[in-house]
Amino acid sequence: MSTTNQTPTPNPVATDMDKAPSLWERFKDSHVWHSFTRDRVAQLSLTIFMGYVIMALFAPVIAPFDPYDPTQIDIMNSELPPSWDEDMGDDQFWLGTDAQGRDLWSTILYGTRISLTIGICAVLLQATIGIIIGLIAGYRGGRVDSILMRFADVQLSFSTMMVAIVVLAVFQASFGTELYQDLAMLMLVLVIGIAEWPQYARTIRASVLAEKKKEYVDAARVMGLGQIRIMFRHILPNTLSPILVISTVQVANAIISEASLSFLGLGMPVSQPSLGSLISSGFEYIFSGTWWITVIPGLVLVVLVLVMNLLGDWLRDVLNPKLYKG
Amino acid sequence: MIAFFIKRLAQAIVVMFVISIISFSIQDNLGDPLREMVGQSVSEAERQQLRDELGLNDPFLVQYGRFVKNALQGDLGTSYFFKEPALDVILAKLPATLELVFGASLIIIFLSVPLGVYSAINPQSLFSKAVMGLSIVGISVPVFLTAIGLIYLFAIELNWMPSYGRGETVDMFWGWESGFFTADGLAHLVLPCVSLASIMLPLFIRLIRAEMMEVLQSEYVKFAWAKGLNPRRIYFLHALKNTMLPVITVGGVQIGTMVAYTILTETVFQWPGMGFLFLEAINRVDTPLIVAYLIVVGAIFVITNTIVDLVYGLVNPTVNLAGKK
């Protein structure tokens with residue numbers, strides 16, 4: 001990586017010395033792209049992930065039924081097995097129906113949408129808090145640094161699950177279930193987002209410590225640029241690769257956390273199920289042989305998380321940032 | 001060493017202080033103790049008088065002081081539902097949860113060390129690749145799904161294992177009922193322990209493998225090879241010792257995390273432990289029980305973390321004991 005960090009803007013007065021290549025050309029020539037064209041696992045993972053994103057984005061278009069619309073739900077259709085099962089299923093519902101008579105395929109589409117949204121929003125929140133704190137801790141150093149990092153240590157020593165369960169439980173108990181269900185999505189994003197910021201803060205801080213000794217930072221300082229400008233415009237772009245690597249894994253973790261919380265009944269309500277609450281609602285019926293309400297959303301969830309983890313692993317190998325260990 | 005010890009202890013106390021403040025504000029804001037005591041049919045004047053008598057109108061700090069004083073004496077209030085001291089209710093369930101964590105830790109230790117070491121020594125072998133591949137799948141499966149999968153396969157389809165509860169237990173000392181000494185109790189332990197272990201196992205295999213590979217590159221291992229030592233001696237005596245150092249720290253933190261995950265496994269397996277109790281307490285808005293759980297689990301976290309840090313400081317001579325830069 002060059003020591004300057006301004007993105008090359010195409011120069012209108014083209015000198016024949018160096019014509020700045022476009023962003024796409026630079027990307028095609030990069031290490032990342034080369035390794036991607038060779039790695040079958042990464043290609044497959046990205047394809048599947050894009051499939052999920054399309055499913056989530058266009059859920060209302062793809063889904064044959066609207067699971068939120070009570071007029072389209074008939075309780076008589078409840079617990080129908082998938083139509084390809086030997087037992088009698090209904091051709092209308094190729095993945096069967098859940099205990100309330102909702103088409104499982106439509107519900108899964110909407111559930112994926114909710115799970116992905118919560119995962120991504122929570123990670124955006126984590127990243128924002130973590131980046132700001134990590135930059136300040138790393139750049140300012142000294143007492144600010146040690147206080148912030150102590151804080152991060154303590155927060156990390158309590159697992160995210162624990163913090164999230166306690167906070168959500170207390171809110172549910174004090175709001176009452178009705179109000180809580182309306183706010184569930186927001187609460188999940190806030191709790192998962194706030195509980196995991198130290199992951200980002202530590203990673204960013206470690207890279208900032210390495211970057212801040214470099215000459216371009218000295219140069220910027222000599223030029224009299226403000227601290228905030230140096231931190232965000234000069235140092236931050238150079239810490240992007242570790243951010244990218246942990247973000248993939250963090251989204252996967254956030255989706256797992258969301259599913260686990262919903263499974264405990266602390267997350268999305270059954271009327272607006274995420275993948276986790278769908279699995280949870282199916283679990284009550286698994287002993288009577290109604291396996292599909294649990295197993296199919298479970299598989300959808302595992303594959304989603306798996307491809308994200310595989311992508312994260314691949315990115316880590318390619319970008320090879322020095323991640324903060326421990 | 002003493003400076004390090006005091007520093008750690010001070011941090012532990014600060015954290016416990018924060019936990020106590022959080023617990024107290026929950027107790028203060030969640031539910032109305034008066035309604036639990038006297039019901040709805042008492043006039044407003046009597047209510048006010050009772051509030052004064054109970055000290056509910058005192059300033060926050062006074063109430064908090066009383067809360068801490070009682071807590072230090074082991075009095076965390078009376079559970080609304082069980083009508084017993086909340087701490088006793090929690091502690092009665094503690095053995096079940098600890099046995100779960102203990103069983104899972106055994107599985108993790110006895111599987112992760114050999115698998116991690118093997119895949120570090122033979123990184124190219126097919127078996128190592130299979131282990132690494134499976135470990136990333138393992139990370140991707142949420143613990144409650146593992147638990148459901150195990151129940152579905154081994155309890156419903158194959159009918160080999162019981163699907164819920166602790167089974168037969170034996171009375172030990174101090175009311176500790178153990179499931180480790182009866183065949184039935186052990187059978188009930190298997191599935192919950194395996195699913196609890198399944199979250200941490202991939203993490204530890206990967207950690208041990210990574211650390212071991214790093215250690216195997218180091219000078220002193222090369223020197224040991226040059227001396228012509230027995231490979232087994234090099235791997236398991238020289239290299240493994242240094243591999244385990246970071247594993248201890250992570251392990252300590254993860255014990256706390258496992259206590260959190262017991263909430264999930266206990267819910268799936270209807271395991272009568274603290275986590276299951278906690279979820280029930282939330283559904284019943286049983287505030288004293290919620291608070292007692294928070295304090296007990298918070299204490300477990302703080303104690304394990306402090307002990308691990310101290311042990312690490314003792315074991316690893318390079319650790320910066322006095323915190324000097």
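The basis for the numbers below is simple: all heavy atoms, side chains too, and nothing from hydrogens, waters or symmetry mates. Chain letters run A, B, ... following the sequence lines, proteins first and then strands; every chain starts at 1.
- With a 4.5 angstrom heavy-atom cutoff, B/Ile136 touches chain A via backbone and side-chain atoms both.
- At a 4.5 Å heavy-atom cutoff, the contact between B/Ile139 and chain A is made by backbone and side-chain atoms alike.
- If you tally non-hydrogen atom pairs under 4.5 Å between each of A/Val163, A/Ile279, A/Asn253, A/Val41 and chain B, the highest count goes to A/Ile279.
- Taking CZ from B/Phe144 and OG from A/Ser280, the interatomic distance works out to 8.0 Å, rounded to the nearest 0.5 Å.
- One finds the CG atom of A/Leu264 at 5.0 Å from the CG atom of B/Leu279 (value rounded to the nearest 0.5 Å).
- Residues that satisfy the salt bridge (charged side-chain N to carboxylate O under 4.0 Å, His left out) test with A/Arg140, not counting sequence neighbours, are absent from this structure.
- The environment of CZ in A/Phe171 is sparse: at most 12 heavy-atom neighbours from other residues, nucleotides or ligands sit within 6.0 Å.
- Within the 4.5 Å cutoff, no side-chain heavy atoms of A/Arg150 are placed close to those of B/Val14.
- Within 6.0 Å of the OH atom in A/Tyr52, the count of heavy atoms belonging to other residues, nucleotides or ligands exceeds 12.
- With contacts defined as side-chain heavy-atom distances shorter than 4.5 Å, the pair A/Val303/B/Ser140 does not qualify.
- Note that CE of B/Met132 is 8.0 Å distant from CG of A/Asp313, once rounded to the nearest 0.5 Å.
- Contact of B/Ile199 with chain A is not made at all, since no heavy-atom distance falls under 4.5 Å.
- Within residues 304-311 of chain A, the residues approaching chain B closer than 4.5 Å by heavy atoms are, in numerical order, A/Val305, A/Leu306, A/Asn309, A/Leu310.
- Using a 4.5 Å cut-off between heavy atoms, B/Val141 contacts chain A through both its backbone and its side chain.
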### Criterion side chain to side chain contact (heavy atoms under 4.5 Å, CB included) on A/Phe263 and B/Val268, from CA distance to verdict
CA-CA 10 Å; A/Phe263 179 77; B/Val268 179; 3.5 Å; yes
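- The parts of A/Ala259 that come within reach of chain B are both its backbone and its side chain, each placing non-hydrogen atoms under 4.5 angstrom from that chain.
- Interface residue B/Val297: only side-chain heavy atoms are found under 4.5 Å from chain A.
- For the set A/Ile255, A/Thr294, A/Val302, the entry with the most heavy-atom pairs within less than 4.5 Å of chain B is A/Val302.
- Proximity to chain A (any heavy atom under 4.5 Å) is shown, for B/Ile263, by both the backbone and the side chain.
- Taking chain A as the reference chain and counting heavy-atom pairs below 4.5 Å, the highest number among B/Val18, B/Ile148, B/Ile22 is found for B/Ile148.
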### Task
Output, in order, the C-alpha distance, side-chain angles, deciding distance and verdict of side chain to side chain contact (heavy atoms under 4.5 Å, CB included) for B/Phe278 and A/Ile165.
CA-CA 10 Å; B/Phe278 177 63; A/Ile165 289 174; 3.7 Å; yes
